Structures are given as C-alpha cells and as structure tokens.
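Since the structure comes first, as structure tokens, the remarks are kept for the end.
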Amino acid sequence: MLRPLFIFSLVALIQLKATYGQQTAEEEQGVRYANRCEACKILAAELEARLGETGKSHDVIEIGYSVDDVRPKKRTEYRRSELRLLESLENVCERVLEYNLHKERTDSTRFAKGMSQTFQTLHGLVDKGVKVDLGIPYELWDKPPVEVTQMKTQCENMLEQYEDEISDWYFKLQETKSLQKHLCEEHVLKHRQERECLKEQLPEPKPEKKDKKAKGEKQKKTKEEKEEL
C-alpha cells in the first residue's frame, strides 16, 4: 500500500516542482509556457465573454462636455459605446488567473478553468487522511502555476500591442466575425502553422456510467407493473 502511494507522490512531486520551482529549473524540467497562439486564444475568449456580460445593459448614456452646460450632450447606447469597451478591457487579463494547468493534456486545452485531474486525486487523498508530501505547502496547491501567471503577462502585452486592432473589431467588425478570427488569425499569428491551437477544443465529458443494480431494479419493477395490469 505504501509503495504505490510513494511512487504516486514522487511523480506528482516532479510535476509540481517543475511548475512552482525557479525559472531555470522550470525550463530544465520541460515546463512549457503558453505560446502566442494559446495566449491569444484565451485573451479573445475572455474579452468576448466579458463583452457578453456588459452587453446585456440597455442603458443610454450621455457623452461629451460643454463649458456652459447649455449645448445638449450626445446620447448613445451603452452597449455600442467606447465606455463599454474600456470597462470590458479593464482587468480582463486578471481572468486568466482563473485558469489552471491540466498536465494530463498536451495541447492548448491544458489551459482550462477548473481543477485538474491530478489535483482532484491529490485532494481526494488528503480528504481521506492520507499524508501527501509534494514539497510545497498545502496552501499553494491551488495557486495559479507559473505558466498561468506568465500567460497573464502575455495577455497584458498583447492588449497593449494590438489595442487598435481590438478597437477596430469592436466598433466595425464584431457583427461579422469573432475576435479570435480578427485578432489571432489575421493579426497576431501571421503563419498558418502558428494557428493550429485555435482548432483545439476541450474533450467532451464522458457520460456517467449507469448503476447496473438500479437499472435492474427499475426493469424488475416495470415487469411487475405490467403483470399486475
């Protein structure tokens, strides 16, 4: 019993030290930071999600400034305003920190929200009273790994670099194409081979196995009901 647990802990320790160790050590352990495709894909997804949240408002706002406050201010719908764009852009890269690194996957879907299978297993062991030593404090288990914090920086740099392209899409093109297509395919990723990650999707969740015993009892009950009729 102890030997399999020791082997499991050792494997997990190697993976997590690669994630939380010093930068040179991370590279030696084969840690892969997000490439431009992965960073752009998540930026586009999070900004569109944020715009979806702010776009539900039907408010009409007044814009413009008058010294004598006599001339009427221009009225515009909030969902079409520059204010909505600015509010959506604010702290959008903070949303990247909600992602985790799922080491059980190797493509761009390794960056996803929710707890990874590895950590689900680890937390399950701890809940059962098993002592699991990963070489890092327990309170750091659920902190964003270095790949995610680095991607937040990539997100911020990309926002600054492609501010005009995002603005053009928001005011002129969002009704005709997605931000991922406009920003990632047409501006950030110049070569076709760079865009491979844009096609990758999270795997479909496996259907839950039905309880054979419960199914058998249901069939038995149905048969008895038919006999009564």
Side-chain angles (χ1 to χ4, degrees), residues 18-24 26-27 31-57 59 61-65 74 76-102 105 107-114 142-202:
T19 302
Y20 289 96
Q22 297 297 322
Q23 187 166 339
T24 23
E26 290 156 5
E27 293 169 353
V31 170
R32 290 187 300 130
Y33 292 115
N35 56 38
R36 284 172 66 79
C37 183
E38 292 169 322
C40 189
K41 180 181 182 180
I42 288 177
L43 165 57
E46 289 305 317
L47 181 51
E48 285 197 291
R50 180 64 184 138
L51 285 168
E53 295 166 5
T54 58
K56 295 175 182 178
S57 172
D59 291 348
I61 60 174
E62 293 183 338
I63 58 176
Y65 176 75
K74 183 180 178 181
T76 186
E77 291 181 89
Y78 171 77
R79 63 188 182 90
R80 298 180 183 277
S81 68
E82 183 179 10
L83 177 62
R84 178 191 169 208
L85 175 60
L86 293 175
E87 290 181 342
S88 298
L89 286 171
E90 186 178 7
N91 298 325
V92 70
C93 291
E94 291 290 332
R95 296 165 70 113
V96 173
L97 298 179
E98 297 173 13
Y99 284 73
N100 281 309
L101 185 64
H102 296 247
R105 299 195 285 264
D107 61 9
S108 64
T109 63
R110 65 198 177 105
F111 294 106
K113 295 180 180 181
D142 298 323
K143 293 289 185 183
V146 69
E147 291 94 334
V148 171
T149 55
Q150 173 67 14
M151 186 163 58
K152 175 179 176 287
T153 302
Q154 290 173 273
C155 173
E156 292 166 344
N157 292 338
M158 205 168 281
L159 273 184
E160 184 177 352
Q161 184 177 355
Y162 294 96
E163 181 180 357
D164 291 340
E165 287 77 8
I166 292 172
S167 182
D168 285 344
W169 171 82
Y170 174 77
F171 287 110
K172 304 173 186 176
L173 302 167
Q174 62 172 305
E175 301 296 332
T176 60
K177 56 183 172 181
S178 69
L179 179 58
Q180 177 176 290
K181 179 172 180 59
H182 176 73
L183 179 63
C184 303
E185 292 186 33
E186 299 177 6
H187 292 281
V188 177
L189 309 169
K190 300 295 186 183
H191 305 289
R192 185 180 295 274
Q193 59 269 27
E194 292 181 299
R195 305 172 193 153
E196 289 301 313
C197 89
L198 300 179
K199 305 173 186 175
E200 296 164 354
Q201 301 292 330
L202 281 170

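Source: prediction; values computed, not measured. Worth knowing before you read on, the calculation uses all heavy atoms, side chains too, and leaves out hydrogens, waters and symmetry mates.
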*So, E46 and Y99: side-chain donor and acceptor under 3.5 Å apart, yes or no?*
yes

*Would you find more than 12 non-hydrogen atoms of other residues, nucleotides or ligands less than 6.0 Å from E82 atom CD?*
no

*So which heavy atom on V148 is nearest to which on V96, and how close?*
CG1-O, 3.4 Å

*asked:* With no hydrogens and no angle check, just 3.5 Å: does a side-chain donor-acceptor pair link S108 and E200?
replied: yes

*E98 CD to K113 NZ distance, which is reported to the nearest 0.5 Å*: 4.5 Å

*R84 CZ to L89 CG distance, which is reported to the nearest 0.5 Å*: 11.0 Å

*If you measure from CG on L43 to CD on Q180, what distance do you get to the nearest 0.5 Å?*
10.5 Å

When the side chains of residues 187-194 are checked against the rest of the protein, which donor-acceptor pairs come out under 3.5 Å, sequence neighbours left out?
residue : atom : partner : partner atom : Å
K190    : NZ   : H187    : O            : 3.2
E194    : OE1  : K190    : N            : 3.1
E194    : OE1  : H191    : N            : 3.0

*Looking at E87 and R50, does any basic side-chain N land under 4.0 Å from a carboxylate oxygen?*
no

*Report the C-alpha distance between R110 and L101 in whole Å, list the side-chain angles of each, state the deciding distance to 0.1 Å, and finish with yes or no for side-chain contact (heavy atoms from CB on, under 4.5 Å).*
CA-CA 6 Å; R110 65 198 177 105; L101 185 64; 3.8 Å; yes

*Mind checking side-chain contact (heavy atoms from CB on, under 4.5 Å) for N157 and listing every partner two or more places apart, or none if nothing turns up?*
T153

*asked:* Rounded to the nearest 0.5 Å, what separates atom CG in L85 from atom CD1 in I166?
replied: 8.0 Å

*Look up atom OG1 in T54 and atom CG in L86, then write down how far apart they are to the nearest 0.5 Å.*
11.0 Å

*Is it true that the SG atoms of C197 and C37 are less than 2.5 Å apart?*
yes

_More than 12 heavy atoms of other groups within 6.0 Å of E186 CD_ = yes

*Taking H182 for the side chain and L173 for the main chain, is one N or O donor matched with an acceptor at less than 3.5 Å?*
no

*What do the steps show when you test Q154 against E38 for side-chain contact (heavy atoms from CB on, under 4.5 Å), and what is the final call?*
CA-CA 10 Å; Q154 290 173 273; E38 292 169 322; over 6 Å; no

*Start with the C-alpha gap between L159 and C93, add the side-chain angles, then the distance that decides, and say whether side-chain contact (heavy atoms from CB on, under 4.5 Å) holds.*
CA-CA 9 Å; L159 273 184; C93 291; 3.6 Å; yes

*Does the side chain of C155 come within less than 4.5 Å of I42's, by heavy atoms?*
no

*L183 CG to E48 CD distance, which is reported to the nearest 0.5 Å*: 10.0 Å

*With sequence neighbours left out, which residue pairs that include part of residues 164-175 fulfil the side-chain hydrogen bond (donor to acceptor under 3.5 Å, both in side chains) condition?*
none

*How far apart are the C-alpha atoms of E156 and K152, what are their side-chain angles, what is the distance that settles it, and do they pass the salt bridge (charged side-chain N to carboxylate O under 4.0 Å, His left out) test?*
CA-CA 6 Å; E156 292 166 344; K152 175 179 176 287; 2.7 Å; yes

_Whether over 12 other heavy atoms sit under 6.0 Å from K181 NZ_ = no

*Evaluate the salt bridge (charged side-chain N to carboxylate O under 4.0 Å, His left out) criterion for residues E53 and R95: first the C-alpha distance (whole Å), next the side-chain angles of each, then the deciding distance (0.1 Å), finally the verdict.*
CA-CA 13 Å; E53 295 166 5; R95 296 165 70 113; 3.2 Å; yes

*asked:* F111 vs M151, test: side-chain contact (heavy atoms from CB on, under 4.5 Å). Steps then yes/no.
replied: CA-CA 10 Å; F111 294 106; M151 186 163 58; 3.7 Å; yes

